[in-house]
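One structure is given here, and the rest of the page talks about it.
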Number of protein chains: 2
Amino acid sequence: MQDIDAIDRTILSILSQEARIPMKSLAGRIGLSRSATTERVTRLEKAGVIRGYRADIGQLEEGTIQAFLLVTLKRTPSIGVLDRLAGFSTVRKVSSVSGQLDLVVEVEVGSINALNELRNEVATMDNVEDLTTSIVLRRDIERS
Amino acid sequence: MQDIDAIDRTILSILSQEARIPMKSLAGRIGLSRSATTERVTRLEKAGVIRGYRADIGQLEEGTIQAFLLVTLKRTPSIGVLDRLAGFSTVRKVSSVSGQLDLVVEVEVGSINALNELRNEVATMDNVEDLTTSIVLRRDIERS
DNA sequence: GATGCATCCGGCAATATGCCGGTTGCACCG
DNA sequence: CGGTGCAACCGGCATATTGCCGGATGCATC
């Protein structure tokens with residue numbers, strides 16, 4: 001039961017496209033009963049494979065500023081830092097990476113002020129050793 | 001009806017965290033009736049503000065490797081480099097940024113080998129002074 | 001003050017969910 | 001071998017949610 005089998009993968013691929021689909025319809029598509037499907041989804045949620053369900057929001061406004069925060073931690077794993085980052089609605093994406101850096105945080109804020117405040121908040125988190133901020137001047141390439 | 005007012009913003013922020021929440025509960029949280037809430041959400045969907053609902057999958061797709069290439073150029077603007085980068089289908093996103101770095105390049109490759117080859121290609125481009133590669137170990141947060 | 005329109009509300013039938021007991025296949029063990 | 005435990009499945013019933021409707025309200029327009 002620890003494995004993610006073919007059915008689970010089908011479930012993940014459907015839910016990653018249509019997260020609000022009724023369990024009954026999902027069950028129909030994968031050819032299982034509703035209860036078995038619900039059990040699988042619940043298991044995937046509890047196992048942390050499904051972290052949650054997000055609405056995919058289009059660009060809100062033109063006047064937004066995007067930036068990368070390149071974070072080096074004092075020690076990994078990043079206890080608490082991820083939770084705190086998730087609390088900021090301006091944080092768009094966080095990736096744990098290998099190498100000198102530990103986290104690449106992509107943010108989208110309304111003003112330079114907001115960026116500075118966010119930057120300060122992150123920089124003063126306990127476990128954060130170093131923080132480099134790079135404002136996106138231009139998006140040169142973006143593919144889907 | 002074209003505006004996105006404060007209530008809409010609340011809706012978006014809730015749905016971007018809990019996309020599968022019942023409309024009735026959402027209505028309760030924002031203090032509107034269920035039908036009014038549903039209408040607003042439907043409008044946001046039709047207007048393209050809500051592009052869809054995605055399950056947030058903890059583990060990355062198997063077999064694909066994502067990485068950040070942090071590029072410092074000898075001189076800006078990055079004549080030629082952007083064109084060459086655009087030629088690689090594995091390059092997903094390129095951002096010109098301020099600060100020490102000049103470019104943040106997000107790539108998605110099929111193997112470590114492919115990543116190394118890409119890395120070498122980029123590192124030996126005329127205008128590239130320095131190149132740091134960070135492989136994504138885990139995607140911690142991803143919103144739209 | 002009549003018209004059109006956006007937005008809201010509540011109600012009812014249809015549908016989906018939560019929760020349960022029951023069945024099946026399979027590995028393990030005395 | 002039969003017994004036991006277990007994971008995964010199914011279907012059913014009470015409850016919750018949705019889709020869809022008619023109707024109220026506020027507001028600008030003419």
Side-chain angles (χ1 to χ4, degrees), chain A residues 1-64 83 86-87 89-90 108 110, chain B residues 1-63 138-139 141-144:
Chain A
M1 94 100 193
Q2 205 61 295
D3 327 332
I4 291 176
D5 62 16
I7 297 177
D8 288 329
R9 260 178 257 123
T10 309
I11 289 175
L12 291 175
S13 95
I14 292 174
L15 283 180
S16 67
Q17 291 295 109
E18 308 165 57
R20 282 192 66 98
I21 190 179
M23 285 300 126
K24 193 187 177 187
S25 313
L26 179 59
R29 285 221 228 159
I30 63 177
L32 280 185
S33 75
R34 184 179 63 84
S35 25
T37 306
T38 305
E39 273 177 37
R40 277 175 178 268
V41 172
T42 306
R43 179 167 52 73
L44 290 168
E45 289 167 352
K46 291 211 169 124
V49 178
I50 296 176
R51 287 167 176 262
Y53 302 94
R54 310 271 120 87
D56 182 352
I57 309 296
Q59 193 77 356
L60 278 184
E61 302 170 35
E62 292 307 312
T64 62
D83 290 337
S89 62
T90 48
E108 192 172 310
Chain B
M1 87 104 177
Q2 204 60 297
D3 319 334
I4 292 176
D5 63 15
I7 296 178
D8 288 328
R9 258 180 261 275
T10 308
I11 290 175
L12 292 174
S13 97
I14 292 174
L15 283 181
S16 68
Q17 293 290 107
E18 308 164 58
R20 282 192 65 97
I21 189 178
M23 285 300 122
K24 193 188 177 187
S25 313
L26 179 59
R29 285 222 226 158
I30 63 177
L32 279 186
S33 75
R34 183 181 63 84
S35 25
T37 306
T38 305
E39 273 178 38
R40 278 176 179 267
V41 171
T42 306
R43 181 167 51 76
L44 290 169
E45 288 167 352
K46 291 210 170 128
V49 178
I50 296 176
R51 284 197 282 240
Y53 302 95
R54 322 260 171 254
D56 182 354
I57 308 299
Q59 68 162 42
L60 296 172
E61 281 296 320
E62 240 171 300
R138 195 178 55 232
R139 178 115 307 154
I141 297 175
E142 174 133 36
R143 294 178 178 134
S144 92

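- One finds no side-chain N or O of B:Arg40 lying less than 4.0 angstrom from the OP1 or OP2 phosphate oxygen of C:dA6.
- By the side-chain contact (heavy atoms from CB on, under 4.5 Å) test, A:Thr10 is found to be paired with A:Ile14, A:Ile30, residues two or more places apart in sequence or in another chain being considered.
- B:Glu45 pairs by the side-chain contact (heavy atoms from CB on, under 4.5 Å) definition with B:Val41, B:Ile50, B:Tyr53, not counting sequence neighbours.
- One atom, NZ of B:Lys24, and another, C1' of C:dA14, lie 16 Å apart when rounded to the nearest Å.
- Looking at residues 26-38 of chain A, you'll see A:Arg34 sit with a heavy atom under 4.0 Å from some atom of DNA chain C.
- Residue pairs meeting the salt bridge (Lys or Arg N to Asp or Glu O under 4.0 Å) criterion with at least one partner in residues 22-35 of chain B, sequence neighbours excluded, are B:Glu18-B:Arg29.
- Applying the side-chain contact (heavy atoms from CB on, under 4.5 Å) test to A:Ser33 and every residue at least two apart in sequence or in another chain returns A:Ser35, A:Ala36.
- In terms of position along DNA chain C, the nucleotide closest to B:Ile7 lies nearer the 5' end than the nucleotide closest to the other residue of the pair A:Glu39 and B:Ile7.
- For the pair B:Leu44 CG and C:dT7 P, the interatomic distance rounds to 11 Å; values are reported in whole Å.
- Dashed line: the shortest gap from a side-chain N or O of A:Arg20 to OP1 or OP2 of D:dT18 is under 4.0 Å.
- Listed by chain and number, the residues in a side-chain contact (heavy atoms from CB on, under 4.5 Å) with A:Ser13 amount to none (sequence neighbours excluded).
- Atom pair A:Ile21:CD1 and C:dA16:P shows a separation of 10 Å (rounding to whole Å applied).
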